[in-house]
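So you know, we letter chains A, B, ... as the sequences are listed, proteins then strands, and number each from 1.
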Protein chains: 2
Amino acid sequence: MTGNDFSYRDKKVMSIGIVKELTGLSERQIRYYEKRKLIFPDRTTTGIRKYSFSDVDRLMEIADKIEEGVQTHEIRSELAKRDEKQKTKEVREQMIKGQLNAHFHYRKL
Amino acid sequence: MTGNDFSYRDKKVMSIGIVKELTGLSERQIRYYEKRKLIFPDRTTTGIRKYSFSDVDRLMEIADKIEEGVQTHEIRSELAKRDEKQKTKEVREQMIKGQLNAHFHYRKL
DNA sequence: CGTGTAAGGAATTCTGACACG
DNA sequence: CGTGTAAGGAATTCTGACACG
C-alpha cells in the first residue's frame, strides 16, 4: 500500500510513438504483436494505446525471438507461461504480506 | 554503463496528456511552470513535450507549494538549489565509480 | 506469416492572445 | 501572478484494406 508496489516499471504511460523510438520497431509491428496477443497495452478512453517500460522490454524480447525465426504463436505461449508463473509469485508474495499484517496489526482497532 | 544508471524514473517519455492525468494539473498550469523555469521537459523534434516520472513528482511538489501560496519565483530558487546539490552529488558518485574502474581494470587492455 | 503503405478521420498538442485580477 | 478559454494549425494515432509471399 505504502510504497512502490510496482512503481514506474509497470505504469502504462507512453504512446506508441515513443515505444517505437525506444524499441526501434515500427508502429505496424507493435500493433501486430498486440493483435497476436503478445503485448497488452492500456487504452485511453478515446482509444489511444498506452505502454509501460516493461512493455518496452517485452517488445524487445519479442523482436529478438522474431528475428530468430520464432513464430508469434510460439512466442505467445512462452510468454503466457512466464506471465502465469509471475502472477503466481505475486499472489504468494501478497499472501505473505497479508499474514504479516494480520500478525502485527491483529485486532489493532 | 551497464545497468540502470537512471533507469525509468528520469526517462522523458510521457506527453502532457498523461502528466495532466497523473498530476491532476491542467495543461495550462504544466506549461506555465515550464515558462517559469520550474520544470524542464524534453521536446521531440516536432516540438511535443516529453516528461519523466520524476518530472511528475516534481510537478506535484510544485502544486503543493503553489497551494501554500508560494510564488513560482521562490519555488524556482528552492528547486534550483536542490538541483544543484543533486548534481554535485552525482558528480561525486561518478568520480568514485571512475576510480573503482581505474582500480579494477587498470590497463586491462 | 509478418510487415509496408496510402487513406480518411479522430484525438492530441502547440502557440499566442484576450481575460480577470 | 496564476490560470481559464477559444482559435487555428500541425503532429499523432487509429482502423481496415490492399499488397507481397
Side-chain angles (χ1 to χ4, degrees), chain A residues 11-80, chain B residues 11-80:
Chain A
K11 211 140 200 165
K12 312 255 187 184
V13 296
M14 300 177 239
S15 40
I16 202 166
I18 323 127
V19 175
K20 171 187 178 168
E21 260 186 41
L22 261 40
T23 60
L25 296 170
S26 69
E27 298 184 14
R28 182 66 158 107
Q29 290 173 304
I30 299 171
R31 295 204 190 97
Y32 180 66
Y33 300 152
E34 176 184 1
K35 179 160 292 174
R36 303 314 309 274
K37 300 191 181 305
L38 305 182
I39 188 89
F40 309 95
D42 275 359
R43 295 272 187 152
T44 65
T45 44
T46 52
I48 307 291
R49 271 169 268 251
K50 291 299 170 190
Y51 303 85
S52 66
F53 281 109
S54 60
D55 287 334
V56 169
D57 290 346
R58 174 185 272 242
L59 279 168
M60 311 238 263
E61 283 189 67
I62 294 170
D64 287 344
K65 296 275 178 61
I66 293 280
E67 271 189 77
E68 291 173 26
V70 186
Q71 289 200 319
T72 55
H73 179 262
E74 310 174 51
I75 302 178
R76 157 142 181 60
S77 47
E78 294 176 30
L79 288 176
Chain B
K11 210 139 202 167
K12 312 255 186 182
V13 296
M14 299 178 241
S15 41
I16 200 166
I18 322 129
V19 175
K20 170 187 181 170
E21 260 186 41
L22 261 39
T23 60
L25 297 170
S26 68
E27 298 183 17
R28 182 67 158 107
Q29 290 173 305
I30 299 171
R31 295 204 191 97
Y32 180 67
Y33 301 153
E34 176 183 359
K35 178 160 293 173
R36 303 315 308 276
K37 298 191 182 304
L38 305 183
I39 187 88
F40 310 94
D42 275 359
R43 295 272 187 152
T44 64
T45 44
T46 52
I48 307 292
R49 272 170 267 252
K50 292 298 170 189
Y51 303 86
S52 66
F53 281 109
S54 60
D55 288 334
V56 168
D57 290 346
R58 173 185 273 241
L59 279 168
M60 311 238 264
E61 282 189 67
I62 294 170
D64 288 345
K65 296 275 179 59
I66 292 280
E67 271 190 77
E68 290 171 27
V70 185
Q71 290 198 320
T72 54
H73 179 262
E74 311 175 52
I75 302 178
R76 155 141 182 61
S77 47
E78 294 176 29
L79 288 177

Can A/Tyr33 and A/Ile66 be said to form a side chain to side chain contact (heavy atoms under 4.5 Å, CB included), step by step? CA-CA 10 Å; A/Tyr33 300 152; A/Ile66 293 280; 3.8 Å; yes
What nucleotide among [options] has an atom nearest to a side-chain atom of [X]?
X       : options                : result
B/Ile16 : C/dT15, D/dG2, C/dT13  : C/dT13
A/Gln29 : D/dT13, C/dC14, C/dT3  : C/dT3
B/Ile66 : D/dT3, C/dT13, D/dG4   : D/dT3
A/Arg28 : D/dA19, C/dT13, C/dT15 : D/dA19
B/Thr72 : D/dC18, D/dG4, D/dG2   : D/dG2

Can you sort out which residues in residues 30-47 of chain B have a heavy atom within less than 4.0 Å of DNA chain C? Ascending by number, please.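 Residues of residues 30-47 of chain B that come under 4.0 Å of DNA chain C are, in numerical order, B/Arg31, B/Arg43, B/Gly47.
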Using a cut-off of strictly less than 4.0 Å, decide whether B/Arg49 has a side-chain nitrogen or oxygen near OP1 or OP2 of C/dC14.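 True: B/Arg49 side-chain N/O within range (under 4.0 Å) of C/dC14 OP1/OP2.
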Just to confirm, is there a sub-4.0 Å distance from OP1 or OP2 of C/dT13 to any side-chain nitrogen or oxygen of B/Ser15? yes
Just how far, in rounded Å, is [atom2] of [N] from [atom1] of [X]?
X       : N      : atom1 : atom2 : value
A/Lys20 : D/dT12 : NZ    : P     : 9 Å
B/Glu68 : D/dG2  : CD    : P     : 14 Å
B/Ile18 : D/dT13 : CD1   : P     : 10 Å
B/Met14 : D/dT13 : CE    : P     : 15 Å
A/Asp64 : C/dG2  : CG    : P     : 16 Å
B/Ile48 : C/dT12 : CD1   : P     : 12 Å

Would you say [X] and [Y] make side-chain contact, with heavy atoms under 4.5 Å?
X       : Y       : result
A/Leu22 : A/Met14 : yes
B/Thr44 : A/Ile18 : no
B/Arg31 : B/Ile16 : yes
B/Leu59 : B/Ile39 : yes

Could you walk me through whether A/Asp55 and A/Ser52 pass the side chain to side chain donor-acceptor pair (under 3.5 Å) test, one step at a time? CA-CA 5 Å; A/Asp55 287 334; A/Ser52 66; 3.2 Å; yes
For the pair B/Lys12 (side chain) and B/Phe40 (backbone), establish whether a donor and an acceptor sit closer than 3.5 Å, ignoring hydrogens and angles. yes
Any strand, both distances under 3.5 Å, Watson-Crick or G-U wobble: D/dG16 pairs with none
Is D/dA6 paired to anything, Watson-Crick or G-U wobble with both distances less than 3.5 Å, and if yes, which nucleotide?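 Its partner is none (no Watson-Crick or G-U wobble pair with both distances under 3.5 Å).
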